[in-house]
Amino acid sequence: MADIQVKKTGEEPGAASLAVTVPPEHVREAEERATADYQRRARLPGFRRGKAPAAIVRKQFADDIRQQALQELIRESWGIALEQEKLKPIADPHIHNLKWETGGGAPVTFEFHVEVKPDIKLERLASFRLTRTVPKVTDEMVAAQLNELRGQRAPWLPVTGEKPKPRDLVQVTIATREGAQVKDPQPYQLVLGEGRAIPELEQRIMGLVPGETIDTIVRFPDDFAEEAKRGQTRDIRVTLHEVKRQQLAELDDAFAREVGDFDSLEALRRAVRDDLEKEAAREGDARVRGELIEQIVAANHVAAPRPLVERVLYAYAQAYSIPEERREQFATEFRPIAEAQVRRDLVLEAVVERHGLRATPEELDGRIRELAERRGVPVEQFRASLEKAKRLRDVERSLTEEKVFTFLLSQSTVESL
């Protein structure tokens, strides 16, 4: 019996293409197995379960049997491809150019297109010089954070008889005008100064008092996010319905107790400074890690394979819900970021494999226990929540990256400023 034939037809860094030919006898046997499976499970009028003739089952479930047989042939062919070509896929293959003639007697042919992990050689991983800079936390930064806390807890109170100011919450109706006609009025609620409306519109709103309406023309800025609207003008009608302003609490001991378990404003201020200093340290560490990766990439001439970059760009577009018509522009703008991400991932994965630095199950258990204790929840409950949210792998990846960077930084010189 002839074997399934797999032949590599194309290869580039990060991807491979393979042509597959499944001989007719393989196809026939797969169809017979699928038919027998449906024959065992089928319930057809006039026959007991599992007793319907094969010919009737084939006719009744022709499309389903064909699909099940095809899935079996694809699985078998993919197993042969993996073994024969020693592939390191990073995802399931895509199937292209499937040809399966009805009537039997002909082979099934198709192509596998698969993204693979490229082989990269890291000749130099050590003796780099790095600078770790941690910004100083100033009194002004602490004050700004305290004001942010005040804003988060401040109630919005109505303002009457006054024009709105920046940081006020307004409710407006905006309609388009075409000559004497007013069309498509839409209600909006926004905080002035947050950038949700174009500057000219905000200026018009701040010229009104609640209950007033104005007909005006506004122009979209030249750097507006939607390219088609840049520099365009709109004839609109704006009605201001309501203005609300936050009433900020006094910065005192009572406010500190309201925020959390602090007995005084000074205790809250110290906690805020401590949090800001920890965040500054994390940012300093992140910059050192980024600088290290850049130096490793440059020293080893690590490239970003196009198929892997396209994969990352697609994931970005999905995450940001980019509409189809904006995908090309989005890809152009984000390509450098995607390329840097691919190079980073390739370097880290190569180091993990070479030095055996992947997080162990015991280390993962320890990290989950640590995170659960911080949150004050039972370990098993926290693990279950991670599994449900599909974030368990993220914790494992984070732990692995920590081990990799600990190893890499120990091989280089880091100066602190």
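As the structure is a prediction and not an experimental result, all values here were calculated from the model. All heavy atoms count here, side chains included; hydrogens, waters and symmetry mates do not.
The main-chain N or O of V395 is never found under 3.5 Å from a side-chain atom of S398 such that the two would form a donor-acceptor pair. Without hydrogens or angle criteria, Q411 side chain to L125 main chain gives no donor-acceptor distance under 3.5 Å. For D253 (side chain) and L265 (main-chain N/O), a donor-acceptor pair under 3.5 Å exists by modelled atom type. Listed for the T332 side chain is a donor-acceptor partner under 3.5 Å among the backbone atoms of E328. Distance alone, capped at 3.5 Å, is enough to place a donor-acceptor pair between the R273 side chain and the V137 backbone. Listed for the R150 side chain is a donor-acceptor partner under 3.5 Å among the backbone atoms of A249. In this structure, the side chain of R306 does not engage the main chain of E12 through any donor-acceptor pair within 3.5 Å. The backbone N or O of H96 sits nowhere less than 3.5 Å from a side-chain atom of E111 that would complete a donor-acceptor pair. With R49 contributing its side chain and A52 its backbone, the two residues share no donor-acceptor pair below 3.5 Å. Remark: side-chain polar atoms of R287 are paired, donor with acceptor, to backbone N or O of T133 under 3.5 angstrom.
Put simply, CZ on R383 and CG on L371 are 11.0 Å apart, with the number rounded to the nearest 0.5 Å. Going from atom CG of D184 over to atom CD1 of I174 covers 11.0 Å, rounded to the nearest 0.5 Å. Summarising the geometry, atom OG1 belonging to T239 is positioned 8.5 Å from atom CG belonging to L208; distances are rounded to the nearest 0.5 Å. We find the CZ-OG1 distance between R129 and T413 to be 5.0 Å, quoted to the nearest 0.5 Å. In this structure, the separation between CG on L201 and CZ on R234 is 12.5 Å, given to the nearest 0.5 Å. For the atom pair CD1 (I205) and OH (Y188), the distance works out to 10.5 Å, reported to the nearest 0.5 Å.
With sequence neighbours excluded, no residue forms a salt bridge (Lys or Arg N to Asp or Glu O under 4.0 Å) with E76.
The minimum heavy-atom distance linking F382 with A372 is given by the pair CB-CB, 3.8 Å. Across all non-hydrogen atoms, the minimal contact from L417 to T131 is CD1-CG2, 3.4 Å. Heavy-atom minimum distance, L308 versus P118: CD1-CD, 3.8 Å. Residues Q39 and A54 come closest through the heavy atom pair NE2-N, 3.4 Å. For the residue pair P305 and A303, the shortest heavy atom distance occurs at CD-O, 3.3 Å. Closest approach of A281 to V134, counting heavy atoms only: N-CG1, 3.9 Å.
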Please tabulate, for the side chains in residues 59-68, all donor-acceptor contacts under 3.5 angstrom to protein atoms that are two or more places apart in sequence or on a different chain.
from	atom 1	to	atom 2	distance (Å)
R66	NH2	W100	O	2.7
Q68	NE2	D37	OD2	3.1

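Salt bridge R335/E339: absent, no basic N to carboxylate O contact under 4.0 Å. The existence of a salt bridge linking R369 and E380 is excluded, since no basic side-chain nitrogen approaches an acidic carboxylate oxygen closer than 4.0 Å. Between R245 and D168 a salt bridge is recorded (basic side-chain N to carboxylate O distance below 4.0 Å). Salt-bridge formation is detected for the pair E279/R282: a Lys NZ or Arg NE/NH1/NH2 atom is positioned less than 4.0 Å from an Asp or Glu carboxylate oxygen. Note on E31 versus R28: no salt bridge recorded, every NZ/NE/NH1/NH2 to OD/OE distance being 4.0 Å or above. Salt bridge R132/D285: present, at least one basic N to carboxylate O contact under 4.0 Å.
By the 4.5 Å heavy-atom criterion applied to side chains, W156 and V191 are counted as neighbours. Within the 4.5 Å cutoff, the side chain of P107 has no heavy atoms near those of the V22 side chain. A 4.5 Å side-chain heavy-atom check between E202 and L190 finds at least one atom pair inside the cut-off. At least one side-chain heavy atom of K88 sits less than 4.5 Å from a side-chain heavy atom of D119.
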Show your reasoning for whether salt bridge (Lys or Arg N to Asp or Glu O under 4.0 Å) applies to R358 and E349.
CA-CA 9 Å; R358 199 173 304 281; E349 186 61 29; 2.7 Å; yes
Determine, step by step, whether D139 and K136 satisfy the salt bridge (Lys or Arg N to Asp or Glu O under 4.0 Å) criterion, reporting the C-alpha distance in whole Å, the side-chain angles of both residues, the deciding distance to 0.1 Å, and the verdict.
CA-CA 10 Å; D139 292 342; K136 181 178 176 57; over 6 Å; no
Evaluate salt bridge (Lys or Arg N to Asp or Glu O under 4.0 Å) for K278 paired with D274, printing each intermediate quantity in order.
CA-CA 6 Å; K278 288 179 180 177; D274 184 56; 3.3 Å; yes
Evaluate the criterion side-chain contact (heavy atoms from CB on, under 4.5 Å) for residue pair I4 and V20; output intermediate values, then yes/no.
CA-CA 7 Å; I4 294 175; V20 179; 4.0 Å; yes
From CA spacing to verdict: side-chain contact (heavy atoms from CB on, under 4.5 Å), V114, H94:
CA-CA 6 Å; V114 59; H94 304 284; over 6 Å; no
With side-chain contact (heavy atoms from CB on, under 4.5 Å) as the test, would you mind laying out the steps for Q232 and R219 before giving the verdict?
CA-CA 6 Å; Q232 298 291 313; R219 180 182 181 276; over 6 Å; no
Using side-chain contact (heavy atoms from CB on, under 4.5 Å), reason through L146 and R269 one step at a time and then give a plain yes or no.
CA-CA 8 Å; L146 288 171; R269 186 175 282 113; 4.0 Å; yes
Just do the salt bridge (Lys or Arg N to Asp or Glu O under 4.0 Å) check on R344 and E401 with the steps written out, would you?
CA-CA 11 Å; R344 178 185 188 276; E401 286 196 5; 2.9 Å; yes
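R204 and T216 share a side-chain donor-acceptor pair at under 3.5 Å. Using modelled atom types, one finds no donor on one side chain facing an acceptor on the other under 3.5 Å when comparing N300 with E123. For the 3.5 Å distance criterion, the side chains of Q5 and D3 fail to qualify, holding no donor opposite an acceptor. Side-chain N/O atoms of T35 and E32 include no donor and acceptor closer than 3.5 Å.
For CZ of R354, the number of neighbouring non-hydrogen atoms (other residues, nucleotides, ligands) closer than 6.0 Å is greater than 12. Open room surrounds CZ on R391; 12 or fewer heavy atoms of other groups in view lie less than 6.0 Å from it. Within a 6.0 Å radius of NZ in K8, other residues, nucleotides and ligands contribute more than 12 heavy atoms. Within 6.0 Å of the CZ atom in R397, the count of heavy atoms belonging to other residues, nucleotides or ligands exceeds 12. Counting heavy atoms of neighbouring residues, nucleotides and ligands inside a 6.0 Å radius, atom CD of E83 does not exceed 12 of them. Within a 6.0 Å sphere centred on CZ of R41, heavy atoms belonging to other residues, nucleotides or ligands number more than 12. Within a 6.0 Å radius of CZ in R327, other residues, nucleotides and ligands contribute more than 12 heavy atoms. Heavy-atom contacts from other residues, nucleotides or ligands closer than 6.0 Å to CD of Q247 number 12 or fewer.
In this structure, R326 fails the cation-pi test against F330, since its NZ or CZ atom is not both closer than 6.0 Å to the six-membered ring centre and inside 45 degrees of the ring normal. R43 forms no cation-pi arrangement with F47, by the criterion of a distance under 6.0 Å to the ring centre and an angle within 45° of the ring axis.
Checked against the 6.0 Å centroid threshold, F407 and F405 do not count as a close aromatic pair.
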